[in-house]
Amino acid sequence: MDKIYEPKQNEEKIYKLWEESGFFNPDNLKNCKKKYVVMIPPPNVTGSLHMGHALDNTIQDLLIRFKRMQGFQTLWMPGTDHAGIATQNVVEKQLVKEGTNRHQLGREKFIERVWQWVKEYGGLIVSQLKLLGCSCDWSRQRFTLDEKYSQAVFEAFVNYWKKGYIYKGPRIVNWCPRCNSAISDLEVKYKPEKTKLWYIKYPYEDDSGYVTVATTRPETMLGDTAVAINPNDERYKNLLDKTIILPVVNRKIKFVADHKIDMTFGTGAVKITPAHDKVDWQIGKTNKLDIINVIGTDAKMTKEAGEDFEGLTTIEAREKIVKLLEQQGLLDKIEDYEHSIGYCDRCSTTIEPIISEQWFVRMDELIKPAIKAVKSGKVKVVPERYHDILINWMENIDDWCISRQLWWGHRIPVYYCSDCKSEAIVSQTKPNKCPHCDSNNIIQDEDTLDTWFSSALWPFAALGWPEKTKNLKEFYPTSFLTTAKDIIFLWVARMIFSSLEFMKEIPFETVYIHATVLNVEGRRMSKSLGTGIDPLELINKYGSDATRFGLMYMTNRDQQAIKFDEQTILACRNFINKLWNIARFIEMNIDNNANLPKTKIEPITLVDEWILSRLNEIISEVTKNIDNCEFGEAGHKIYDFVWHEFADWYLEISKTQVAEDATPEMKANTLVILKYLLKNILCLIHPFAPFVTETIYQNLKDKINLEKSENLLMIDRWPKIEKRFINEKIVSEFEKLKNIIAGIRNYRTTNKIENNKILNISIEDRDVLEYAKIINKLAKVNISSEVAEQTREEIEIENVKIKIRE
RNA sequence: GGGCGCAUAGCUCAGUUGGUUAGAGCGUUACAUUGACAUUGUAAAGGUCCGAGGUUCGAGUCCUCGUGCGCCCACCA
């Protein structure tokens, strides 16, 4: 074994060894009593490993390896997501570079192009997960646009349709003019922006005055069809019957009363544009107002906006209208104002609320069992605080807009007859002819489904649903899911209700929402801002194990953010190396004493008993910590125990126990304990740092195993707690000895005693004298029990008098 | 507007049900180098536990208010 552990020389080799062993695949794990299943949050096929993935997947691999060693039949199901908008965007950008676009290419050719891209680059994230050491069952890997998976998606759609949950209709949606598609509420990100609040006078028809409305978007007034006030507002109570003349357009509009109106904002009177504002749309609906679309899908003013405005951008129209109002003396005042404007999560284009025909899933019925499952704790949410957040969202859920005007994705399985124009035909496959008129002039709906519609089915569709596959039967429901908090609603909630709908069963028992990895300044890691740290660089620099261990070391169960500090990874790299050298030291001692085979553990000395007790306490605590998602705590305990108890104390003291003057019995016993400790430590560390532990194990398995064991550490048994070794009294007694040694060391330093000088001291305490050999070695002293005649100084540690002689 | 989280050493964080002298890693300082490891060892310095009030024999820990930072949700015209 080399002096220093070199990750690069071992990681690839070891990963190959694991893969070839077949034990990532649960079918090859024999004699398992229970199952443990984790579905990977399928990364976007366009993705490249970032810090969030590194954390997310380290947690999953840690648990899978932990459970596998505990004898569970473990399945970690991998896959990638076709990621509608993201992937389409990537390929569209390529096309722009080539001087063309998707419309020139046409739908079919474009999709072909995307598939080509996926085949060429889609495997990147998977190869990166392997570098991280992920023990997924790659033989089961799925892609959300696989043929079989697509069938599941269509099955789900048809199912919802048959139950009356799916409807198509005009509704106000968040429209991204760049993507040329509707997006769901969850895909809109809001940013505060400084703007103006324009106060506009709307005159009454009878010339008796005017009502002033305040707006941030004067251009939308072209589509106004009412002015709303709060029914309790005294100021407007007697004006409700008045007819208003909408300036510029000169349309007659009326007052409506609605409780949604905040009397304290602006003038308490609000212009209502049902076609271009969500609230207005709702008010329009309850009051049966006309809808006038003045902004088109290209974010430009439409024909309905009038010929003076048609074709203008919203900003141009705004300027023109403000000018007109000013000329007509209808602009009351302009105030500075700050409010939030919505942007497309994918491309940061300003969202335009417009009315369009979209497909929706009615949520009121579907969500009920999901709420129940979470409330009852059948699905356990960790950390606890997300429980209420999730419930609250589910209880206030809106219908889900599932159609996207994209080409890359699952095309909506709805067909229309071009001849008889009868109602839509919903079918998993394209019908040969129209059931009404027998025409074979059938066309499919142009839209595709929201990517999250398919991801929502992941826990069971990836296992083969709707077919009753062996996989589905064996591995559903799953055990654990972990993900970032930003997709709790987008994904987690939707998996829960989809699973309850189609499987009549929860998708996972526990969902763990881990922290977000921020940089050390507490900012979001972002590629475009250059504030990110690339986990692959860390793996390259410090090794996969150090990266994993470091990430776990800084993760606390309930924390919401991790301020990522590279120093921790460095510290963990050193820890990995420490472990390596512990193994080297033990190997050296085994080799030096090859003539002393022994397999029974019989602690002789206090230190023996102490380390055995401590190890078993640590095993017990770490096991509990991991089961409770307390990965950081488990990591700290392992780190501290291995380095600062086992290496610093036991290993140092063991040197006296295997020294030449030690009895063969003492030597043999010490060796057994060293082997036992090393084996157990390797097991404990393996889920955190699989490569180095497996490397050491492959080097030393024949030397350190006390009983029959597996060829791979990966499938070896998780340490069993040996209660007989736990002894608190011994531990506190050893603590006393440690303190005495530390006290003498401290005396040496503060008195500037040269490092290589052996200090003569006397101790009369008989209990302490028993450990004279150890104290002599570790504190560089020479203890004598005789009463000292010449004493330079007397110190007292732990009630033990220590006389320092010349 | 509603909700959640955080604030402890120069930096990143632990601190369990309130209980002696508040801990760790990194960094800093001093000393140590041929037998596991300098990616090391030993020791040290370093803290008004954000502020104010309260409960208590006792508060980093519990309560109230405030300040600063971060996050989420919402129909902020």
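A note on names: the letters A, B, ... follow the listed sequences, proteins ahead of strands, and every chain is numbered from 1.
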Which is true for A/D262 with a 4.0 Å heavy-atom rule: it touches a base, it touches only sugar-phosphate, or it touches nothing? base

Base, sugar-phosphate, or nothing for A/F489, non-hydrogen atoms under 4.0 angstrom? sugar-phosphate

Please give the distance between the P atoms of B/G23 and B/A44 as a whole number of Å. 12 Å

Parallel, tilted or perpendicular: ring planes of A/F549 versus A/Y639, cut at 30 and 60 degrees: tilted

Which part of the nucleic acid does A/H644 contact within heavy-atom distance under 4.0 Å: base, sugar-phosphate only, or nothing? sugar-phosphate

When all nucleic acid strands are considered with a 4.0 Å heavy-atom cut-off, which category describes A/S340: base, sugar-phosphate, or nothing? base

Could you check A/K8 against A/N540 for side-chain hydrogen bond (donor to acceptor under 3.5 Å, both in side chains), going step by step and ending with a plain yes or no? CA-CA 8 Å; A/K8 279 196 190 128; A/N540 195 29; 3.1 Å; yes

Per the 3.5 Å Watson-Crick/G-U criterion and a run length of at least three, the stems involving RNA chain B are B:1-7 with B:67-73, B:10-13 with B:23-26, B:28-32 with B:40-44, B:50-54 with B:62-66

Any non-hydrogen side-chain atom of A/I391 less than 4.5 Å from a side-chain atom of A/V381? no

Taking the basic N atoms (NZ, or NE/NH1/NH2) and the acidic carboxylate oxygens, is any pair closer than 4.0 Å for A/K738 and A/E735? yes

Please state the P separation for the pair B/U61 and B/U16 - nearest whole angstrom. 11 Å

Between B/U55 and B/C71, how many Å separate the two C1' atoms, rounded to a whole number? 32 Å

For A/R745, answer base if it contacts any base atom (sugar-phosphate contacts may also be present), sugar-phosphate if it contacts only those atoms, and nothing otherwise; contact means non-hydrogen atoms under 4.0 Å. sugar-phosphate

Classify the nucleic acid contact of A/Q282 as base, sugar-phosphate or nothing, counting any heavy atom under 4.0 Å across all strands shown. nothing

Would you say that A/F688 contacts A/F575 through its side chain, given a criterion of any heavy-atom pair below 4.5 Å between the two side chains? no

From CA spacing to verdict: side-chain hydrogen bond (donor to acceptor under 3.5 Å, both in side chains), A/S356, A/Q358: CA-CA 6 Å; A/S356 97; A/Q358 301 291 341; 2.6 Å; yes

Would you mind classifying the nucleic acid contact of A/W198 as base, sugar-phosphate or nothing, using non-hydrogen atoms under 4.0 angstrom? nothing

Have a look at A/K485 and say if it touches a base, only the backbone sugar-phosphate, or nothing, with a 4.0 Å heavy-atom cut-off. sugar-phosphate

P-based separation of B/G25 from B/U17 [nearest Å]: 25 Å

With A/K271 as reference, evaluate A/D280, A/D277, A/D224 under the salt bridge (Lys or Arg N to Asp or Glu O under 4.0 Å) test and give the passing residue. A/D224

Which sits closer to the 5' end of RNA chain B, A/D648 or A/F265, going by the nucleotide each is nearest to? A/D648

Under 4.0 angstrom, heavy atoms only, what part of the nucleic acid is A/K3 near: base, sugar-phosphate, or nothing? sugar-phosphate

Base, sugar-phosphate, or nothing for A/K637, non-hydrogen atoms under 4.0 angstrom? nothing

So do the side chains of A/W198 and A/R318 get within less than 4.5 Å of each other, counting heavy atoms only? yes

Write down the distance separating the P atoms in B/G58 and B/G18, rounded off to the nearest Å. 15 Å

When all nucleic acid strands are considered with a 4.0 Å heavy-atom cut-off, which category describes A/I389: base, sugar-phosphate, or nothing? nothing

If you look at every strand shown and take non-hydrogen atoms under 4.0 Å, does A/E754 touch a base, only sugar-phosphate, or nothing? nothing

Heavy atoms under 4.0 Å, any strand shown: does A/K563 hit a base, just sugar-phosphate, or nothing? sugar-phosphate

For A/A214, which contact category applies under a 4.0 Å heavy-atom criterion: base, sugar-phosphate, or nothing? base

Pairwise C1' distance, B/G15 and B/G47 [rounded to whole Å]: 14 Å

Under a criterion of less than 4.0 angstrom to any heavy atom of chain A, what are the 5'-terminal and 3'-terminal contacting nucleotides of RNA chain B? B/C4 to B/A77

Could you walk me through whether A/H644 and A/D640 satisfy the side-chain hydrogen bond (donor to acceptor under 3.5 Å, both in side chains) test, starting with their C-alpha distance in whole Å, then the side-chain angles of each, then the deciding distance to 0.1 Å, before giving a yes or no? CA-CA 5 Å; A/H644 300 304; A/D640 290 340; 4.8 Å; no

Name the residue from A/L737, A/I611, A/I741, A/I774 that meets the side-chain contact (heavy atoms from CB on, under 4.5 Å) definition with A/W649. A/I741

5'-most by nearest nucleotide on RNA chain B - A/Q559 or A/N574: A/Q559

Looking only at atom C1', what distance separates B/G3 and B/U8, rounded to whole Å? 26 Å

Nearest-Å distance once atom P is located in both B/G70 and B/C31: 44 Å

Using the benzene-type ring in the case of Trp, are the ring centres of A/F265 and A/Y337 under 6.0 Å apart? yes

